[in-house]
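What follows is a single structure, written as structure tokens, with notes after it.
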Protein chains: 2
Amino acid sequence: MSRPTKYQPERGEAKTRLLEAALLLIRSKGYSATSVADLCEEAGVTKGAFFHCFENKEALGVAAANFWAENTGAFFADAPYHQHDDPLERILAYVAFRKAIIDGDISEFTCLVGTMVQEVYAISPAIRDACANSIFGHAHTLEADIADAMKVHKLDSVWTAESLARHTQTVIQGAFVLAKAGNDPSLATESLDHLDRYIRLIFNPSKGS
Amino acid sequence: MSRPTKYQPERGEAKTRLLEAALLLIRSKGYSATSVADLCEEAGVTKGAFFHCFENKEALGVAAANFWAENTGAFFADAPYHQHDDPLERILAYVAFRKAIIDGDISEFTCLVGTMVQEVYAISPAIRDACANSIFGHAHTLEADIADAMKVHKLDSVWTAESLARHTQTVIQGAFVLAKAGNDPSLATESLDHLDRYIRLIFNPSKGS
DNA sequence: ACATACATACCTGTCGATCGGTATGTAAAC
DNA sequence: GTTTACATACCGATCGACAGGTATGTATGT
């Protein structure tokens, strides 16, 4: 009935701890520069545990991308921007929400899969595809609102809901690149303001300022 | 008077050959996954030559970013989009030019410094700053045209020429991320169409379709 | 008892980096 | 105008550290 005096990871926790370590380390150091030993040290497990949980380093990369997709998927599903009645308001609230969560350390608000896919798209198709699923899966969650807004505003546009949904992700991913380069989060929020303005204009061209 | 029968790199060429190898390899494999040996093999020189030309691998990264800035700077300075009389036409022609050169292998049209900065922003401030100079230096070349267009169209907007110039780079960098993830260049051109539409709308709000 | 979930020890190749040496140029001395 | 002196450009062997990965041992739950 006695508890260990020093914290030891519970049995069964190693995989989750390694995935959480992967999110932390890969987001700041990149995939290639993050070694298996780094991951084990951060997670507080040994190499034996690592290769018990994952076949190899690439498999961890794939699992990390999927883990990211699950976590962010739940995070955005629970976010408050879905509450508006008007679909256009939901879209704009999404952009505002993305802007609001850009705060603090750059490695904490930027995107794991956007970072990782740039690095490994040519050397690991498996990781690339997992990253693609995360990005385009998230984009897909915006499509219904965009399509509804197009109906409400009676738009007969040359662009599609899918295309605009992807474009929002383009701006977000690019915003992270500039924020990293300039070491300044406001470089990211600035572009989200342009995105907000764009969406307002294409849904209501006459009201542009 | 005899010429060597087999091609040997001329004396003095090693540095340039290594920089060209760096552009090729880092754009497809990333910075960390590109080893010094890889670079030497691609350039056709030895490790001795490498560490004669560059103090260490990080110095090559910085030099590669600067080399990229020089090459692309000359490339865009010579490009035909500057020829239009109207400044707004020059801006739109720039976007069209960026769209037109998205073709072929992904590693051949994507951006070295955008890729590299995502990977190393936290582990090498020197490379990060060199990448930032390239990105924001290029953005700066667009500012005069944007400022002129704002005057011609008598805009009194909440956004600045600097901000819109940076936003164009945001969209371009993000477009590369999505193209790499989906392994499809049309994912990049699609967002440039949205950027074109945005620029037309903010300079002439009533004419939006 | 047996499988699962790890830990420990270690192997092999590759990493960035160093170093002594050599070939080539350059410029002043005589 | 040849010799001397030195600098530059590059080669190739080698280093210690560390990479990813494996082989084997051990504790734990069922």
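Keep in mind that the numbers below use all heavy atoms, side chains included, and drop hydrogens, waters and symmetry copies. Chain letters run A, B, ... following the sequence lines, proteins first, then strands; residues in each count from 1.
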Looking at every strand, decide which applies to A:S35 at a 4.0 Å heavy-atom threshold: base, sugar-phosphate, or nothing.
sugar-phosphate

Using atom CD of A:E55 as one end and atom C1' of D:dT22 as the other, report the distance to the nearest whole Å.
13 Å

Nearest listed nucleotide, side chain of B:T46, among D:dC11, C:dC6, D:dA9:
D:dC11

Euclidean distance, atom CD of residue B:E13 to atom P of D:dA9 [Å, nearest integer]:
13 Å

Measure the distance from CD on A:E58 to P on D:dA19 and round it to the nearest whole Å.
19 Å

Residue list, salt bridge (charged side-chain N to carboxylate O under 4.0 Å, His left out) with B:D184, at least two apart or on another chain
none

Tell me if the side-chain of A:K47 makes a donor-acceptor pair with the base of D:dG21, cut-off 3.5 Å, by modelled atom types.
yes

In whole Å, what is the span from the CG atom of A:D38 to the P atom of D:dA17?
17 Å

Starting from C1' on C:dG21, measure out to NE2 on B:H52 and report it in whole angstrom.
14 Å

Salt-bridge present (B:K29, B:D38; N to O < 4.0 Å):
yes

What is the distance, to the nearest angstrom, from the NZ atom on B:K57 to the P atom on D:dA19?
13 Å

In this structure, how many angstroms lie between the P atom of D:dC10 and the CZ atom of B:F50, rounded?
14 Å

Counting side-chain heavy atoms from C-beta on, which of D:dC10, C:dG16, D:dG20 comes nearest to B:V36?
C:dG16

Which of parallel (below 30°), tilted (30 to 60°) and perpendicular (above 60°) describes B:Y81 and B:F97?
tilted

Run through B:H82, B:H138, B:H84 and flag the one making a ring-ring contact (aromatic ring centres under 6.0 Å, His included) with B:Y94.
B:H138

Scan A:S32 against the nucleic acid and name what it touches under 4.0 Å (heavy atoms): base, sugar-phosphate only, or nothing.
nothing

Would you call the rings of B:H167 and A:H194 parallel, tilted or perpendicular if under 30° counts as parallel and over 60° as perpendicular?
parallel

Does B:G48 or B:T34 map to a spot on DNA chain C nearer the 5' end, using the closest nucleotide for each?
B:T34

Without decimals, in angstroms, what is the distance between A:F51 CZ and C:dC6 P?
15 Å

